[in-house]
Every structure is written in C-alpha cells, then in structure tokens.
Amino acid sequence: MRYRRRLRSRIIISFTVFGLGLTALFAVASLYMRARLEDQLINRTLLREVANFVEFKRQNPSPDAAYKISLFDAEIYSARKFANVPFDAQKYGTGVYDIADFDGDGKLRSYKLAVYKSDEYWAFLRFDVGAQKLSAQQLLVVLAGVVLCFIVLSWLIGRWLSVRVMSPVSDLAARLERFQRTGLREPLAPHFADDEVGQLARALDDYADRLTDLVERDREFNADVSHELRTPLAVIATTTELLLASELPDKARDRMKRIERAVRQSTELTDALLLLSRRERRGPSNGEITDVGRVVEQVVDVNRPHLGSKPVQVHVVNEEPITVSAPSSVVAVALSNLIGNAFKYTQQGEVTVVVGHGRVAVEDTGPGIKAEDAQRLFQRGVRGDAGGKGAGLGLAIVLRLCELYGWTVSLAPRPQGGAVAVLQFDRR
C-alpha cells in the first residue's frame, strides 16, 4: 500500500483505470448494439421472406413451382402433409428461433429458424448464422485488442504526466534531503516556478529563516546567560573561599559552607543546562574523565541540609570504582536530583547510595511511588504524590542528560517500602 500512497502512483493508476473503464464501456456498448441491430435485421428479413414464400405458393400451388432463395433453406407443407413435418420442427409455433444442428459433414452449426403456421400451410426457413457468429468473435477479439491498447496508452500517458507533474516535487524533496545531509542551506524558491510547488518552497524558506533566527537567538541567549552567570558565581566562590580561610564563628562558618555548596551546585547546574541547550556532548575528546564515587560523596554532602534534624541515616557503599567519560558537573546534576529527592521525601529510616557495576542506586525508606507513575515522573512538570513543592523539572533534566550521554535512569517502588532510583552509565 505504500506504493499507492505516492502522488505519482496515484496519477498513473488514475489514468490507467480511466482508460480501462472508458474502453470497457465502449466495447460493451459496441457489442450490445451490434447484437441488437443484427438480431433485428435477421428477424425482419426472415419474417418478410417466409411471408413472401407463403404468398408465392398461394399464387403457384403447383408442387413443381420452385421458390429459390440462396440465403435460406425453405420447406413448406400443405395441410395434407402436416404429418410429414419432422418431429423436431412440429413443436415450434409461428416465430423466429435460435437452433443448433449438425450439417451433412457432421459439424455443429447455428441457425435462425423462421416458422409460419396456418391452417393451409406450414412453412420453415432456416438461415445459417455461422458467419455472423464468426464476425462477432472477430469483433470481440478486435475490441479486446483496442481495450488493451487503450490501457497501455493510458498507462504511458499517466506515467509521462506523473513525471512532468511530480518532477518539481521530487526536485524539492531532493534539495531538502541534500540540505539535511550537508547542513548547507540555500533558498528554495528561486529554483521553482510560481505555482503550488513554488508556494510551498517559499513557505519552507520563510519557515527556515524564522527557525534559523530562533536558533541563533537561543544560542546567543545561552552564551550570554552562561557568561553572565559564571562571573557572579566565580566572585561568590572566591569571596566564600577567602572568608572560610579567615577566622569566623562556628555558626558563620557553617553558613559560609552552605553558600559554598550552593555556588558549586549552581555552577554545575549552569554547565549541564548549557550542554543540554546546545545538545552538545563533552567527553573523552577533551579528557574529562569523572570518578563517580568522588562525585557521589560531594553530592551527598551538598544535599545533607535537606535532611535537617530528621532521624535519617545515610549510607554510601562503594562496591567498585566507576569512571565515566563526562564532565563532573553533568554527573553531579544527575545524581543530585536523585539523591536530593531521597533526602527530601524520607522522613525517617535510611537512604543508601550504592556505587558499582556501572551504576549508582539510591534506595530510601520514604513514602515510595506507584509503579504506574514511575515513568510518568520523568515528564516535564509532573510531580509525585508525596507532597513535594518542586516544579517537576529535576527528573526531566536527568532524563535529558541521560539521553545526551547514552545513560539510562529508572525509578521503581521497593517491596519493603520506599523507592529506588538507578542511574546506569554506559561502560567504556
């Protein structure tokens, strides 16, 4: 069915079906009219001749008077000889009949039999219609040939027209494919006439211009935001580091450490969002190999304020070292959302972070999630039922980072209560 959906195929099939229908209708009409006219002509001729034959015998009652008709075999019987009429002919009344009989050579022939019956005479005229049937067969063969020729001609015309009609569309599709393959865009409208395809080309040019402008403005915005955010974050980080190096009260030092962690988290988030906006994957080409275990320790430390005074124990289990070809900021952002959610929603019990076998698993004893909601929570703007106040963007960002770097992330309820989140890295 895929072939028949193409515009070119529709044109070819339409012309072919049109030609078939037209010629078939012509052939049927020709056969019907020929048969009808022929039948009317033969019937009128036979009736006229049999009437003439009877009138001749009335005027010439002598048996020696011969009424010779070259086209017919004539037989007439007087009332005294009705018993001599062949048994097969006795069953016919006045009229014309189609019969088939064997001739002297044993060949089956078709005839028209005209019968006239009165009290005085029974007359029979038999007309051989074999020639007419042969001509009908010949006409049928000729019409079949004409139909076939019309079909082939319609197909050829349809194919030729489809090439002419669809060539601009094919050219437009080829130019778009070449642009997609090479990335070098050129205006489309100048290559096409001012017709429907030309209008489509102009619409595509306009759409491409607006899309290019949008992408360019988005790229400039991302670059500006990245630059403008990095400067104040760097200033805050430097100032915090200097203050921590000085003598501060314990309470002030704790607050400065929280500021330092927030600055680091903001810097990592800025880097990750910039990569997502550019769809740019940074990895081994610039030597960025990240120790996942070290990042986990940092992320746990940064998110500890979420625990507050809740009776929650945190366990970090390093089963084996893991390194990934990705910036530490990207790994930190992905893990920070998973670990941060566990810290936020767990009111008591424990949170266990297991590092090893190419993945990081975060298990908690919080309220858990429904199995049917696990995948839906990764959609942008979707929040769980645990009473969180977030915007529903954290897990969506994690999923986008995983798609960018070829990782996988999943959420599932724990049988004993709580939830488990797994970030599976690609092995290198």
Side-chain angles (χ1 to χ4, degrees), residues 1-22 150-229 270-286 326-327 330 378-381 393 396-407 426:
M1 296 300 295
R2 181 180 181 183
Y3 174 79
R4 300 186 68 177
R5 287 198 296 266
R6 298 174 57 187
L7 292 178
R8 180 178 177 183
S9 305
R10 292 177 180 177
I11 294 176
I12 295 175
I13 293 173
S14 299
F15 268 87
T16 303
V17 173
F18 172 74
L20 173 62
L22 184 63
F150 266 89
I151 292 175
V152 173
L153 182 61
S154 299
W155 185 83
L156 292 175
I157 294 175
R159 185 175 179 83
W160 177 76
L161 284 177
S162 70
V163 172
R164 293 295 301 272
V165 171
M166 296 303 299
S167 59
V169 179
S170 301
D171 186 22
L172 179 61
R175 291 181 181 278
L176 290 174
E177 184 179 359
R178 185 164 58 251
F179 163 64
Q180 183 180 7
R181 186 175 60 253
T182 63
L184 301 176
R185 192 180 77 84
E186 61 174 345
L188 298 173
H191 299 282
F192 300 94
D194 187 17
D195 53 10
E196 290 80 359
V197 179
Q199 294 175 1
L200 177 60
R202 287 194 297 273
L204 289 173
D205 283 341
D206 180 64
Y207 177 74
D209 291 337
R210 289 188 286 111
L211 188 61
T212 301
D213 182 64
L214 179 63
V215 171
E216 186 62 30
R217 285 189 285 111
D218 182 66
R219 184 182 295 113
E220 292 175 355
F221 171 78
N222 291 329
D224 293 342
V225 169
S226 175
H227 177 269
E228 296 300 326
L229 282 179
T270 300
D271 291 341
L273 293 178
L274 185 61
L275 291 176
L276 284 178
S277 66
R278 295 175 177 174
R279 300 298 297 174
E280 175 185 319
R281 172 174 173 167
R282 284 159 47 191
S285 60
N286 49 17
V330 172
F378 289 99
Q379 298 177 10
R380 188 178 180 88
L393 301 178
I397 293 175
V398 174
L399 181 61
R400 291 175 60 196
L401 288 173
C402 290
E403 291 174 348
L404 183 62
Y405 281 87
W407 307 335
D426 57 341

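Worth saying up front: this structure is predicted, and the values here are computed from it rather than measured. In what follows, every heavy atom counts, from backbone to side chain, and hydrogens, waters and symmetry copies are set aside.
- With values rounded to the nearest 0.5 angstrom, D205 atom CG is found 9.5 Å from L200 atom CG.
- Counting only heavy atoms from C-beta outward, the side chains of D171 and S167 never approach each other to under 4.5 Å.
- Annotation: the span from D209 atom CG to L204 atom CG amounts to 11.0 Å, rounded to 0.5 Å.
- V330 places a side-chain heavy atom less than 4.5 Å from the side chain of W407.
- The distance from atom OG1 of T212 to atom OH of Y207, rounded to the nearest 0.5 Å, is 10.0 Å.
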Test L188 against L176 for side chain to side chain contact (heavy atoms under 4.5 Å, CB included), laying out the working first. CA-CA 9 Å; L188 298 173; L176 290 174; 3.7 Å; yes
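- Of all heavy-atom pairs spanning L172 and A201, the tightest one is CD1-CB, 4.3 Å.
- Once rounded to the nearest 0.5 Å, the distance linking CD of E177 with OG1 of T182 reads 10.5 Å.
- Qualifying side chain to side chain donor-acceptor pair (under 3.5 Å) partners for R202, counting only residues two or more places apart in sequence or in other chains: D194.
- Contact record, P168 with F192: O-CE2, 3.3 Å, taken as the closest heavy-atom pair.
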